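Proteins get letters first, then strands, A, B, ... in listed order; numbering begins at 1 in each. Please read these numbers as outputs of a predicted model, since none were measured by experiment.
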Amino acid sequence: MTRNPDSEPETRKPTRTGMRLIVPLQGIVQGRGGLLLGSLIPCALVYFFQVYLKRDRSSNPPSPSTSAVNLPGLPRSSSRANLRVHVSARASSIAKPNDSPYYIGLDRVREDPYDEMNNPNGILQLGLSENRLTLDLIEEWLSKNLSGSMLAEGGDDLNIRGIATYQPSDGLMELKVAMAGFMTEVMGSTVSFNPSSVVLTSGATPALEILSFCLADQGNAFLVPTPYYPGFDRDMRWRTGVELIPVHCRSCDDFTLSIKALDQAFNQARKRGQKVRGVLISNPSNPVGNLLSRDMLYDLLDFARERNIHIISDEIFAGSTHGNEEFVSMAEILDSEDSDRDRVHIIYGLSKDFSLPGFRVGVIYSFNENVLAASRKLTRFASVSTPTQRLVVSMLSDTQFTREYMKTNRERIKTMHDLFVEGLRELGIESAKSSAGLYCFVDMSRLISPYNEKGELELWDKLLNISKINVTPGSACHCIEPGWFRCCYTTLNEKEIPLVIKRIRKVVETCKRSG
Amino acid sequence: MKLLSRKASCNSHGQDSSYFAGWQEYEKNPYDEVKNPQGIIQMGLAENQLSFDLLESWLAQNPDAAGFKRNGESIFRELALFQDYHGLPAFKNAMVEFMAEIRGNKVSFDSNNLVLTAGATSANETLMFCLANSGEAFLLPTPYYPGFDRDLKWRTEAEIVPIQCSSSNGFRITKSALEEAYQQAQNRNLKVKGVLVTNPSNPLGISLSRHELNLLLSFIAAKGIHLISDEIYSGTVFNSPGFVSIMEVLMNKNYVNSPVWNRVHIVYSLSKDLGLPGFRVGAIYSNDKKVVETATKMSSFGLISSQTQYLLSEMLSDKKFTKNYVSENRKRVKQRHAMLIRGLKNAGIPCLESNAGLFCWVDMSHLLSSKTFEAEMELWKKIVYQVGLNISPGSSCHCIEPGWFRMCFANMSEQTLNLAMQRIKSFVNSISESNMNISPNQQYSNKSSRRKSFSKWVFRLSFHDRETER
């Protein structure tokens, strides 16, 4: 397939953060002049940077134990000196320690995880949107349906040929069929998904990256409503060189997306000479948990049409609804609007709704034949392991089981959600209105001081190191208002919720005392 | 509009090369002993189907491994939630021990230096992302695996500069070839970041000699560049001089305290040695902490299913099994290889003497109408369509001499291989007969008409929308 782009987009070398900082700064100092501003601003920046760094160091995990006896280490200085020549620029920028609290928190929990018996003072995990509530149903299904011949090709004899040999890199047809059926069921049955438009990937993470490679060139950008899932920064940008432009949503609007804000962001990008290739939305949204209304989806499609851009709709939490609102997929509104189908691409997977993040099953669903063709080729780098495909085919084909599973799952998510939100309310803490997701977006802005990112990170630090609960600060999600935290409650069981509330209470009281 | 990115629209995925085109033809008309005995026999896929029975019997005896159980207890929950990009520790330990075993335990590996990826395809690409910036180059000895054009260059925007090897010395890597390649890169204004070799070589089927390995190490030491050693066929070495890993040479030569130690990286996979390409299990091994750290994070884009990691950790930890498997598999590869050689000899077709791999590097230059790549394509077309064998032409592997082909032998039954040999023999006989009968004038016009139809056909194939591709 050879298709020539009909316009030559500007390519920009991805600029380093340093450059970004300096350029606007020069503008300020030069424009306003004055020794005062010229010396004050850099000093202030250096101060904040150092404070952040200090905190960063104290909460940084100790470096992993080094190698075995037969591998003497190089003297550190020489490896650092070689670093610039040594590895690629991409690698250098990635290799430095994750300074996002999102990743730091996950590392800390890994080192010191709460366990009722063995480590009751460990850190409680509320920073990972994982669903542990309904795994028992899957285990039960396995014990009934998974005999030793799981690996067999439907027959009684063990036959490894069916799973051992090379298979289509974008997934077995049986799995595409089963997945299309499952998605149809999950997303409300009014839209039916076509197996030929399903591309399977080893998780939603590569699915997003593949779409990014397909839809944008290096230096191009996607508009993303904030707050957004911290992983987007990595998945969409890292190796692709694509940029993400935040479009801020506010709590006064319940963090709902506004087309006006999208439009503004698009125009500003254009003025800067930056080509916007699409909008990336998550619906249900992460970290807030709200659903995009049908009207909003139509408006979004209009916007995309007018600007001639794509829409990537990450619908990975589609089945994890707990409120009364109905989930509407982009696919649903497209049925009647045929002409713009080519610009819509959906991400799905089994990591959230089906609680199987370890199995690495993700989906790109697109209405664009060219995107499908390109994505299929790219799945060579991220295919689903065949034994897992076979297992998942069996599971998803058992529609009685999947229906029962999704229903029970929703009920349990609701129970946990209500418990948690109520518990927070007793502490005088509110959360953003949400109808879905495995988390809530909690407003602790009254507890932070000063009312800015620094104050927020201080509170985050207290929660992590004193209360021993790991939550994700809004700043890691690019939230424009400080003091919000994403708290995932589906990694806990019902007994642990009061414990979490108790630990939060301690911090709340400390803050109130010092505040 | 619906513009795709340049990467998605361009051809640098190399998917339109004859290597993949042959597969297409095979898929339209695949040989089946019962259902389609006239179909095309797949000899272009380096898959190891020789030892499935060993795997099946292990699985039958160890149902817990596939049943998410450890010591009779269910660990399903743990596996369902396990998505740590550091990989399942038990699996990594089992992998490094298996890798050591294949190398006769002459080297040992540290599991902390191992990064798991979804297949060697992903491992190779990830390493390129780690080591090369856009536009920088790696040197590769020719002929090389056609997939590299896709895996190493497509998304990474790296370049490949060939190290030309020729049949005059059995396609071995020489110092002058290395230097020439480096110079070539300079002439093209490309910064060279490293050398990538497959050892044992694909498509040659030979394990690199100690001399070549030493040459490579001196070369990268002098130039200050990296070396990637793709050792995915290490378990298929069936004859002397046996397999020598770059790690072994690295340790022997006292490179241990030098910067070179950190610049050698190994790619491994279970797709060839264990015959499990569908499982998508690959790995990067490096002594460089930064590379390991970066590659680990990048592996998020291609993690191995925890179900698979667990299953294989159990299998590979069974030392009795792995020892037996490694030696039995070698025996079978050797046997099958011998069968192919005999069959080819019988048809008067020589091949490169090889001691490894799942294929042979076959010399059909004497069957070419002229010593050109067009003639090679003509011959290849005949072999695919008339003879019914999908083999890989040397040009798709960037070989500089026309007439060489890669033929795989481990992905079919003995009967099928025999049939393939019969077909080749008949074909060779028919050529010699027709050569005797044809007049010089006729030969010329035949050649030119063949050339015309060749270009149309290639044109059609390279623009064929790969919708039908699986």
Counting only non-hydrogen atoms closer than 4.5 Å, does [X] touch chain A with its backbone (N, CA, C, O), its side chain (CB onward), both, or neither?
X: B/Ile304; result: backbone
X: B/Thr117; result: neither
X: B/Gln309; result: neither
X: B/Asp84; result: side chain
X: B/Phe52; result: both

Rounded distance (nearest 0.5 Å) linking atom [atom1] of [X] with atom [atom2] of [Y]:
X: B/Phe68; Y: A/Ile138; atom1: CZ; atom2: CD1; result: 10.0 Å
X: B/Phe109; Y: B/Asn93; atom1: CZ; atom2: CG; result: 14.0 Å
X: A/Glu369; Y: A/Asp342; atom1: CD; atom2: CG; result: 8.5 Å
X: A/Ser375; Y: A/Ile364; atom1: OG; atom2: CD1; result: 4.0 Å

Quick one: which of [options] has the most heavy-atom pairs under 4.5 Å with chain A, could you say?
options: B/Ser122, B/Ser306, B/Ser300, B/Ala80; answer: B/Ala80
options: B/Glu125, B/Arg155, B/Arg280; answer: B/Arg155
options: B/Glu78, B/Arg77, B/Gln83, B/Met128; answer: B/Arg77

Is it the side chain or the backbone of A/Leu378 that comes within 4.5 Å of chain B heavy atoms, both, or neither? both
A/Glu139 portion near chain B, given a 4.5 angstrom heavy-atom threshold: both
Hey, does [Y] have a side-chain heavy atom less than 4.5 Å from the side chain of [X]?
X: B/Gln42; Y: B/Met412; result: no
X: A/Tyr103; Y: A/Arg234; result: yes
X: B/His86; Y: A/Arg110; result: yes

Taking every heavy-atom pair that is under 4.5 Å apart, which of [options] has the most such pairs with chain B?
options: A/Asn131, A/Thr165, A/Leu106; answer: A/Thr165
options: A/Val361, A/Thr205, A/Leu208, A/Leu128; answer: A/Thr205
options: A/Pro206, A/Ser355, A/Pro357; answer: A/Pro357
options: A/Cys214, A/Ser196, A/Ser202, A/Ser143; answer: A/Cys214

Does a sphere of radius 6.0 Å around NZ in B/Lys223 hold more than 12 heavy atoms from other residues, nucleotides or ligands, not counting ones at 6.0 Å or beyond?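 Yes, enclosed.
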With no hydrogens and no angle check, do the side chains of B/Asn113 and B/Lys289 hold a donor and an acceptor under 3.5 Å apart? yes
